[in-house]
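Throughout, protein chains are lettered first and strands after them, A, B, ... in sequence-line order, and every chain is numbered starting at 1.
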Protein chains: 2
Amino acid sequence: MGPTKEKILDTAERLIADQGFAATSLRQIISEAQVNLAAVHYHFGSKQDLLDQLIERKATRVNTDREALLARFETEAGSHPVAVEKILRAFFEPMIETGSQNPQFVRLMGRMIAEGLITGVVEKHFQPTIFRFICALRRALPSLTEGEIASRFRFMFGAMSQAVCGLAAPDMGIQGDGADFQLSMRRLIQFLSAGLQAPPTEEVR
Amino acid sequence: MGPTKEKILDTAERLIADQGFAATSLRQIISEAQVNLAAVHYHFGSKQDLLDQLIERKATRVNTDREALLARFETEAGSHPVAVEKILRAFFEPMIETGSQNPQFVRLMGRMIAEGLITGVVEKHFQPTIFRFICALRRALPSLTEGEIASRFRFMFGAMSQAVCGLAAPDMGIQGDGADFQLSMRRLIQFLSAGLQAPPTEEVR
DNA sequence: GTCTATACTGAGATAGAC
DNA sequence: GTCTATCTCAGTATAGAC
């Protein structure tokens, strides 16, 4: 990868994580990266495609790690289903590790999930991993319908996006524990573990 | 309120709920509402202010209902803390009722929370209500620190935004139960009830 | 293949006539 | 209150230099 392309990616990652996608203009990115505007469209095609490649650059590695960890837990569990806590650990620990080195990327991911902006990338790179995890959850939570597991997985994404994006924001009006990424993730897992294991929603007719 | 202003609000609510805030241009709104572009800036000042008034128009009523319902539950509970399930009911039922009549508004709210776009309105109109609910949760969950309750409340917002926004989206790659608003909300409350009542996150040092 | 310069279209915002 | 004209800035497209 050429230095121009890399400069664009690095600068865009930092600025979009800080300000959001819509609020960050290409002109601001190229100004700070000291490259030409057209170089962005030469290398990426569009602003949206730049975002997609930004995600893809790191998401692939994180998702590979996620699946590997899940596979390890599945081997350890033998014929038994993997416990929900372990499934959550497999899902979040690779992200936490990435976030400890580079919090910007994780915040970026949270923003993208919240804004619903990574349609193509989600399908291409996340969906296979998500599918593996939903399968694991179905085995761990046999009393839930497939639809309810999908709903809870979606709730999980929403909670996660707030966990990583909300770090800078004031904590719902009351003074929170601020920008402690590790603490926030541990609280998130604790919360999700209980939520995922809630009894099934009763059918109403 | 004049008919022009009202036409703008109604049209903007529908379009923004469908397409999102950034994806909806003022020119599209004024075209469908059949008003002049400058009228928007005359009545609202800016696109952002239009959004704020859009939220404010309905959020005030929803928040009033929330607080009233919570107060009723507090009276019923006497000196005991209100159960978490009841706190959640007080928070969500007014929103569900609004959403049953006008799903657009609830989806709009979800989008705004996800994208973090309603800075001024949240502080002015939501924070007092949020504060009341956090206080109720503190009483119901005395083993949790204030910081952890704030975190969980934030997770709740994230899950909620996905619950109401994700209705149209495909359910994480597996076929979901589609756009059933009532079902989605019941699942959400079930999920959140367990998540909020999870044991405290252990301190690590 | 890479990058630059420049122009095009559509966005939100504003000033001033009526 | 309303509308026209205009401003600035956004993302995008293209022609051509190296």
Can you tell which of D:dT12, C:dG12, C:dT4 lies closest to the side chain of A:Asn36?
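My answer, after comparing the listed nucleotides, is C:dT4.
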
I want to check one thing: is the phosphate of C:dA13, taken as OP1 and OP2, less than 4.0 Å away from some side-chain N or O of B:His41?
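It does, given that an N or O in the side chain of B:His41 lies less than 4.0 Å from OP1 or OP2 of C:dA13.
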
Would you tell me if any nitrogen or oxygen in the side chain of B:Thr4 comes within less than 4.0 Å of OP1 or OP2 on D:dT2?
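It does, given that an N or O in the side chain of B:Thr4 lies less than 4.0 Å from OP1 or OP2 of D:dT2.
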
Take the protein atom [atom1] of [X] and the nucleotide atom [atom2] of [N], then report the distance between them rounded to whole Å.
X: A:Leu37; N: C:dA5; atom1: CG; atom2: P; answer: 11 Å
X: B:Gln48; N: C:dG12; atom1: CD; atom2: P; answer: 12 Å
X: B:Leu50; N: C:dG12; atom1: CG; atom2: C1'; answer: 12 Å
X: B:His43; N: C:dG12; atom1: NE2; atom2: P; answer: 17 Å
X: A:Tyr42; N: D:dT12; atom1: OH; atom2: C1'; answer: 17 Å
X: B:Leu26; N: C:dA11; atom1: CG; atom2: C1'; answer: 8 Å
X: A:Lys47; N: C:dG10; atom1: NZ; atom2: P; answer: 18 Å
X: B:Ile30; N: C:dG10; atom1: CD1; atom2: P; answer: 14 Å

Pair B:Glu74 + B:Arg139, salt bridge at N-O below 4.0 Å:
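No, this pair does not count.
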
At 4.0 Å (heavy atoms only), tell me whether A:Ala38 reaches a base, stays on the sugar-phosphate, or touches nothing.
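Since a base atom lies under 4.0 Å of A:Ala38, the category is base.
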
Measure distances between side-chain N and O atoms of B:Arg27 and base N and O atoms of C:dG10, and say whether any donor-acceptor pair falls under 3.5 Å.
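By the distance-only test, no, there is no pair.
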
Minimum heavy-atom separation for B:Ala163 to A:Phe155, with atom names?
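Heavy atoms of B:Ala163 and A:Phe155 come nearest at CB-CE2, 3.5 Å.
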
For the residue pair A:Ile29 and A:Ile8, what are the closest heavy atoms and their distance?
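Closest heavy-atom pair between A:Ile29 and A:Ile8: CG2-O, 4.1 Å.
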
Take a 6.0 Å sphere around CD of A:Gln28 and say whether it holds more than 12 heavy atoms from other residues, nucleotides or ligands.
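Counting other residues, nucleotides and ligands, CD of A:Gln28 exceeds 12 neighbours.
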
